[in-house]
Amino acid sequence: MVNSYDPATAPELSPRSRALLERRQRVLGPGYRLFYANPVEVVRGERAHLFDADGNDYLDAYNNVPSVGHCHPVVTEALSRQAATVNTNTRYLTEGVVAYAEDLLSTFESTFEHVTFTSTGSEANDLAYRIARHETGREGIIVTRNAYHGLTARVAEFSPSLGVGSPLGPHVRLVDAPDESLVDGDLGAHFAAEVRAAIDDLTRHGYGLAAMYADTIFSSDGIFADPPGFLAAAVAAVHAAGGLFIADEVQPGFTRLGSSWWGYQRHGIEPDMVTLGKPMGNGMPIAAVVQREAIGEKFGRDMRYFNTFGGNSVSIAAAHAVLTTIRDERLLESVRVVGEVLKEGITSLTRDNPRVISVRGAGLFIGVEVCKQGLGGRSLPDAELASRYVNELRERRVLISASGPEGNVLKVRPPLCFDTADADRFLTAFESVEHLLRD
């Protein structure tokens with residue numbers, strides 16, 4: 001992690017933070033990471049704001065899990081009421097899970113007929129792969145070169161962003177991220193050609209194609225949204241080979257891209273399955289696989305699926321409250337408007353900065369690629385500069401992160417309730433950092 005805490009280079013912490021960090025390291029061990037050179041202790045959240053133990057207000061421009069805002073009163077009331085009533089699983093008849101499934105499916109095209117609930121996005125992607133293998137009788141998977149789809153043993157095999165310590169499966173093929181700046185000609189045709197080559201290689205090695213997964217904003221690859229529609233030719237190639245296309249909407253879904261409910265809809269494509277996760281319950285553990293038409297019928301008949309906590313009553317209540325809030329607060333329109341303000345503001349502030357080579361994204365999902373000049377004037381990824389942006393913004397109490405295979409793409413992805421006042425505060429802090437890092 002580019003922006004993770006490193007005790008060797010970190011500034012002096014307050015006595016309180018130092019004591020808490022020592023206790024944390026003692027009981028949690030080395031596997032966990034903290035954000036920022038100077039970690040933030042969080043004690044409270046509200047909308048797009050987090051507060052530390054001293055009452056300092058941090059603008060959250062990173063967390064998509066509290067999708068409609070930290071501690072949203074509609075969500076907290078719904079889950080509290082349900083927790084005080086009953087919390088059980090999907091092996092009992094309950095109105096809540098059926099009503100929510102009906103409402104969730106109403107945000108998709110009519111060809112989507114079924115939803116299966118899990119607890120995490122990793123479980124959802126694991127289940128989608130099981131369904132794809134059973135449906136096609138094949139094993140092969142195609143993902144982008146720095147994709148992240150989850151942490152289960154199976155899904156980690158096709159999550160290359162986990163690094164060399166998590167080896168890819170032999171049935172996995174990688175294609176380059178759809179970076180328009182690196183393609184001479186039609187991006188969609190170029191991307192589809194890479195997908196077809198990967199399909200041919202899987203076939204040659206006896207795996208065949210079960211599915212291609214794509215996070216439709218390509219968040220781990222560095223955030224690529226444009227031009228809308230470039231995915232269509234690749235999806236057609238997958239279907240022509242008898243494979244399934246799985247849209248991983250954990251990050252781009254729930255109106256985040258400002259044009260529709262789901263990121264894949266910007267591309268005018270028809271996934272066979274859609275996987276959902278983190279933002280679905282505003283922080284409560286709930287995820288899902290949404291299946292088109294007859295996909296999954298054979299799997300359900302032959303294998304079935306049950307998840308003790310997937311679709312539990314309390315998480316379902318929270319998730320239904322999220323849908324209600326997105327509609328009632330007209331967040332789709334707000335995301336579009338505020339996202340344009342943010343993107344245009346960042347573009348304006350960095351227009352004359354040769355180290356910022358791209359500001360891209362859609363809605364409230366923006367990437368800012370920073371580079372340095374290499375030999376022959378070639379632009380090279382600059383993770384150190386990205387880290388400086390992230391940590392200087394943190395010192396101004398604005399929280400973002402970084403993305404991309406080289407960690408050089410600033411990742412701006414706030415809760416959906418981020419408003420114009422929040423955007424103004426963000427841009428003021430960003431302008432201050434721009435001036436500092438140019439000097």
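As the structure is a prediction and not an experimental result, all values here were calculated from the model.
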For [Y], is there any backbone N or O sitting under 3.5 Å from a side-chain donor or acceptor partner on [X]?
{"X": "Glu123", "Y": "Ser119", "result": "yes"}
{"X": "Asn307", "Y": "Thr118", "result": "no"}
{"X": "Thr255", "Y": "Gly258", "result": "no"}
{"X": "Arg360", "Y": "Gly222", "result": "yes"}
{"X": "Arg413", "Y": "Tyr62", "result": "yes"}
{"X": "His205", "Y": "Asp201", "result": "yes"}
{"X": "Thr144", "Y": "Asp176", "result": "no"}

Please report the interatomic distance [atom1]([X]) to [atom2]([Y]), rounded to the nearest 0.5 Å.
{"X": "Gln251", "Y": "Lys278", "atom1": "CD", "atom2": "NZ", "value": "6.0 Å"}
{"X": "Leu380", "Y": "Cys371", "atom1": "CG", "atom2": "SG", "value": "7.5 Å"}
{"X": "Thr216", "Y": "Phe365", "atom1": "OG1", "atom2": "CZ", "value": "9.5 Å"}
{"X": "Arg23", "Y": "Leu28", "atom1": "CZ", "atom2": "CG", "value": "10.5 Å"}

Check: residues 86-99 side-chain donor-acceptor pairs under 3.5 Å, at least two apart:
residue, atom, partner, partner atom, Å
Asn87, OD1, Ser313, N, 3.1
Asn87, OD1, Val314, N, 3.1
Asn89, OD1, Arg91, N, 2.9

Please walk me through it: do Leu399 and Leu50 pass side-chain contact (heavy atoms from CB on, under 4.5 Å)?
-> CA-CA 9 Å; Leu399 306 179; Leu50 293 168; 4.0 Å; yes

Arg396 atom CZ, over 12 foreign heavy atoms within 6.0 Å |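 For Arg396, atom CZ is crowded (more than 12 foreign heavy atoms under 6.0 Å).
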
For the pair Met212 and Ile246, evaluate side-chain contact (heavy atoms from CB on, under 4.5 Å) and give the outcome as yes or no after the intermediate values.
-> CA-CA 6 Å; Met212 176 179 173; Ile246 301 169; over 6 Å; no

Which is it for Glu297 and Gln291 under the side-chain hydrogen bond (donor to acceptor under 3.5 Å, both in side chains) test, yes or no, and what are the steps along the way?
-> CA-CA 9 Å; Glu297 289 281 352; Gln291 300 141 48; over 6 Å; no

Go through the structure and list residues passing side chain to side chain donor-acceptor pair (under 3.5 Å) with Arg378, not counting sequence neighbours.
->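 Side chain to side chain donor-acceptor pair (under 3.5 Å) list for Arg378, sorted by chain: empty.
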
Salt-bridge criterion met for Lys343 and Glu340 (N-O under 4.0 Å) |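 Glu340 and Lys343: not salt-bridged.
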
Do Trp262 and Phe108 pass the side-chain contact (heavy atoms from CB on, under 4.5 Å) test, and can you show the C-alpha distance, the side-chain angles, and the key distance before you say yes or no?
-> CA-CA 8 Å; Trp262 309 107; Phe108 291 88; 3.4 Å; yes

Which pairs with one or both residues in residues 279-292 pass salt bridge (charged side-chain N to carboxylate O under 4.0 Å, His left out), sequence neighbours excluded?
->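 Every pair satisfying salt bridge (charged side-chain N to carboxylate O under 4.0 Å, His left out) with a residue in residues 279-292: Asp272-Arg292.
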
Test log, rule side-chain hydrogen bond (donor to acceptor under 3.5 Å, both in side chains), inputs His149 and Asp215 = CA-CA 8 Å; His149 295 291; Asp215 155 9; over 6 Å; no

Would Phe245 and Tyr213 count as a close aromatic pair, with their ring centres under 6.0 Å?
->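 Ring centres of Tyr213 and Phe245 not closer than 6.0 Å.
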
For Asn64 and Arg256, what are the C-alpha separation, side-chain angles and deciding distance, and is it a side-chain hydrogen bond (donor to acceptor under 3.5 Å, both in side chains)?
-> CA-CA 9 Å; Asn64 68 326; Arg256 173 154 296 280; over 6 Å; no

Any donor-acceptor N or O pair under 3.5 Å, side chains Asn38, Asn391 =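 No pair is found: no donor N or O on one side chain lies under 3.5 Å from an acceptor on the other.
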
Exercise: do Asp422 and His49 side chains pair donor with acceptor under 3.5 Å |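 Side-chain D/A pair, Asp422 to His49: present.
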
Could you walk me through whether Ser315 and Asn312 pass the side-chain hydrogen bond (donor to acceptor under 3.5 Å, both in side chains) test, one step at a time?
-> CA-CA 6 Å; Ser315 291; Asn312 75 80; 3.0 Å; yes

Closest non-hydrogen atom pair, Pro66 against Pro415 =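 Of all heavy-atom pairs spanning Pro66 and Pro415, the closest is O-CB, 3.5 Å.
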
